[in-house]
Amino acid sequence: MKILVVGSGAREDAICQSLRKSDRYNDVFCAPGNAGMRLFGVQTVGIGELEFEKLANFAIENDIVYTIVGPEQPLVEGIVDYFQDRDLKIFGPNKEAALIEGSKTFAKDLMKKANVPTAFYEEFTDLGQALEYVETKDQFPIVIKANGLASGKGVFIIKDMGEAIDVLNQLLTDHKFKTDKVIIEEYLDGEEFSLMAFVNGESFYPMPIAQDYKRAYDGDKGLNTGGMGAICPVQNIDCDVVYQSYKDVLKPFVKAMNKYGVNYTGVLYAGLILTKDGIKVIEFNVRFGDPETEVVLPRLKSDLSKVILGLLNNEDIDDITWKDQGVDLGVFVASKGYPTEPIIGKTIGPKSQFQNQQLKINFAGVSESNNELVTNGGRLYVVKTHANTLQNAQDKIYSYLDTVDQTNVFFRRDIGKNAY
Ligand code: AMP
Ligand code: GLY
């Protein structure tokens, strides 16, 4: 099968690698992809993720059987509707369903209708009213979120009134992240985990849970990032809790989507937190999580390309199987300065450095110059392994990373610490 993956990050690389593991031969293309992916057989296509017409033409001209969309932006902007109007198979939610990620208020409203537990919240477009509301709060922290897409950076944990004034001004006066609406919500305390599921209409098929290490530095310090590493599974979260999140979150939410006319096919991602009052939803996303996918898909024993084709053909899928032993761990290497001002265009080593070692790598913000890979974004590549214990996985990954020239890059040394 010829399959096109849209996106350019390590998540898309992981999807491509998983598709290439099929027992039939799959020809996998990634648009636009990145220079690192090419080292391991992915064919990159120089078309941007928002160039819908060119992507659709590529799919037609190259007999692509179906397209998978990695990032949220093309989904929110209607790539699925565009492809479907041209009778092309594409895996992901349509524009309306993508509002579940594109509009926090849309998602909250659906959660309320579905009786899915989430943080108590109020929404505001007016700065004065938002400030008045914060003044009624006698307890900090509180959480302020920009309403639209913000690449994981539009969430602010607010410690005092001064911070609230500053952030509300950034969002409602300066319209940072192009927002004109904020959500102010209750702060939830507990262990976070990510639960993804393949969804088609009323059917959903959960994947194993994972944990994303979002802060930039060790000990969960520093700013939120797109994810500095991930682990799957999360042993500290009990099986009972996982089943409960199918029952109290996935099932009622999928039911509500169907009841209220949200026609969903794709991966649904629930960011969950286990509080002392039970499981609550932090957010829903309408796609594979990043960096969770990089450690979840290697555990898939079934053929991803067949699972997705089955979903697109509205077949019942009853045999998605996953490895149930050991740990999959991934540690991201990022450009110095990330997440605020990552250095761009600096070498991270000759291509051979990445080809000649035993660990798996998925590439993200890298490009190529004079046979070397150079930084072209914040998060560069994720080094991954499967091992029987967390300690063994960490030993394998960090003994490799210790050999890496760290002049232009950094990484966390404690990925996986909360899971065991
Ligand atoms: P998000 O971009 O919605 O995934 O949020 C980024 C991170 O902010 C989450 O992973 C949480 O760590 C934190 N966060 C978001 N909402 C809340 C909340 N209501 N209470 C506590 N932490 C939150
Ligand atoms: N790992 C968080 C996300 O994919 O949004």
Side-chain angles (χ1 to χ4, degrees), residues 7 9-12 14-15 69-73 75-76 92 98 100-108 111 116-123 137 139-159 167 171 177 179 182-197 207 209-216 220-232 234 266-277 279-297 330 332 339 362 364 378-379 382 415 418:
R11 164 185 51 206
E12 287 74 26
I15 295 170
V69 188
E72 59 276 17
Q73 190 90 34
L75 293 167
V76 169
I100 288 168
E101 179 163 359
S103 162
K104 292 205 190 298
T105 52
F106 182 87
K108 284 284 195 187
M111 280 188 258
V116 164
T118 186
F120 178 79
Y121 74 101
E122 294 278 346
E123 57 188 70
K137 299 275 149 201
Q139 226 183 341
F140 286 91
I142 57 166
V143 181
I144 299 181
K145 298 185 175 183
N147 187 43
L149 296 181
S151 306
K153 299 178 190 90
V155 175
F156 301 86
I157 313 288
I158 304 291
K159 288 188 293 301
V167 165
L171 297 177
F177 308 115
T179 196
V182 296
I183 283 191
I184 303 183
E185 72 177 27
E186 164 197 16
Y187 176 79
L188 302 174
D189 196 18
E191 195 64 36
E192 281 186 52
F193 61 103
S194 312
L195 170 62
M196 297 188 278
M207 305 184 205
I209 62 166
Q211 201 163 46
D212 170 8
Y213 289 73
K214 291 191 181 179
R215 300 299 189 105
D220 299 320
K221 301 253 166 35
L223 292 175
N224 264 330
T225 69
M228 295 298 291
I231 187 166
C232 177
V234 187
V267 169
L268 182 69
Y269 167 113
L272 302 174
I273 185 162
L274 181 59
T275 70
K276 63 176 177 20
D277 303 319
I279 303 160
K280 300 213 174 172
V281 174
I282 289 192
E283 61 167 350
F284 278 112
N285 293 327
V286 295
R287 48 167 176 83
F288 281 106
D290 192 356
E292 290 90 337
T293 301
E294 291 91 307
V295 291
V296 170
L297 283 184
F332 248 104
N362 293 136
R379 292 185 311 149
V382 55
I415 301 298
N418 301 335

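Only this structure's heavy atoms are used, side chains among them; waters, hydrogens and symmetry mates stay out. Counting starts at 1 for both ligands and their atoms, in listed order. As the structure is a computational prediction, the values presented were derived from the model and not from experiment.
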Arg11 to Phe288, cation-pi by 6.0 Å centre distance and 45° axis angle: no
Ile273, portion touching ligand 1 at heavy-atom distance under 4.0 Å: neither
Closest non-hydrogen atom pair, Arg215 against Thr225: C-CG2, 4.1 Å
Any Arg11 heavy atom less than 4.0 Å from ligand 2: no
Point-to-point distance, once rounded to the nearest 0.5 Å, from CG of Asp290 to CD of Glu12: 6.5 Å
Phe284 side chain near Met111 side chain, heavy-atom distance below 4.5 Å: yes
Sub-4.0 Å atoms of ligand 1 with respect to non-hydrogen atoms of Ile157: 22 (N), 23 (C)
Lys108 bridged to Glu185 by N-O distance under 4.0 Å: yes
Contacting atoms of ligand 2, where contact means under 4.0 angstrom from a heavy atom of Gly289: 4 (O)
The one among Thr293, Asp290, Ile282 that brings a heavy atom closest to atom 4 (O) of ligand 2: Asp290
Per-residue contact class, Glu192 against ligand 1 - non-hydrogen pairs under 4.0 Å: side chain
Taking atom 2 (C) of ligand 2 as the reference point, the nearest protein heavy atom with its distance: Tyr269 OH, 3.3 Å
Lys145: numbered ligand 1 atoms lying under 4.0 Å from its heavy atoms: 3 (O), 15 (C), 16 (N)
Ligand 1 contact by Glu186, heavy-atom criterion under 4.0 angstrom: yes
Side chains of Leu223 and Pro339 in contact at under 4.5 Å (non-hydrogen atoms): yes
Side chains of Tyr213 and Gln211, donor plus acceptor under 3.5 Å: yes
Ligand 1-proximal atoms of Leu188, by part, heavy-atom distance under 4.0 Å: both
Option set Asn224, Leu272, Ile144, criterion heavy-atom distance to atom 6 (C) of ligand 1, minimum: Asn224
Polar proximity ligand 2 side, Asp212 side, N/O cut 3.5 Å exclusive: yes
Polar contact flag for Tyr187 and ligand 1 (N/O pairs, less than 3.5 Å): no
No-hydrogen, no-angle side-chain donor-acceptor test under 3.5 Å, Thr105 and Glu123: no
Proximal atoms of ligand 2 relative to Arg287 (non-hydrogen, under 4.0 Å): 3 (C), 4 (O), 5 (O)
Residue pair Gly227 / Asp212: nearest heavy atoms and the distance that separates them: CA-OD1, 3.4 Å
Tyr187 versus Pro141, closest heavy-atom pair with distance: CB-O, 3.4 Å
Polar atom proximity, Val155 to ligand 1 (N or O, under 3.5 Å): no
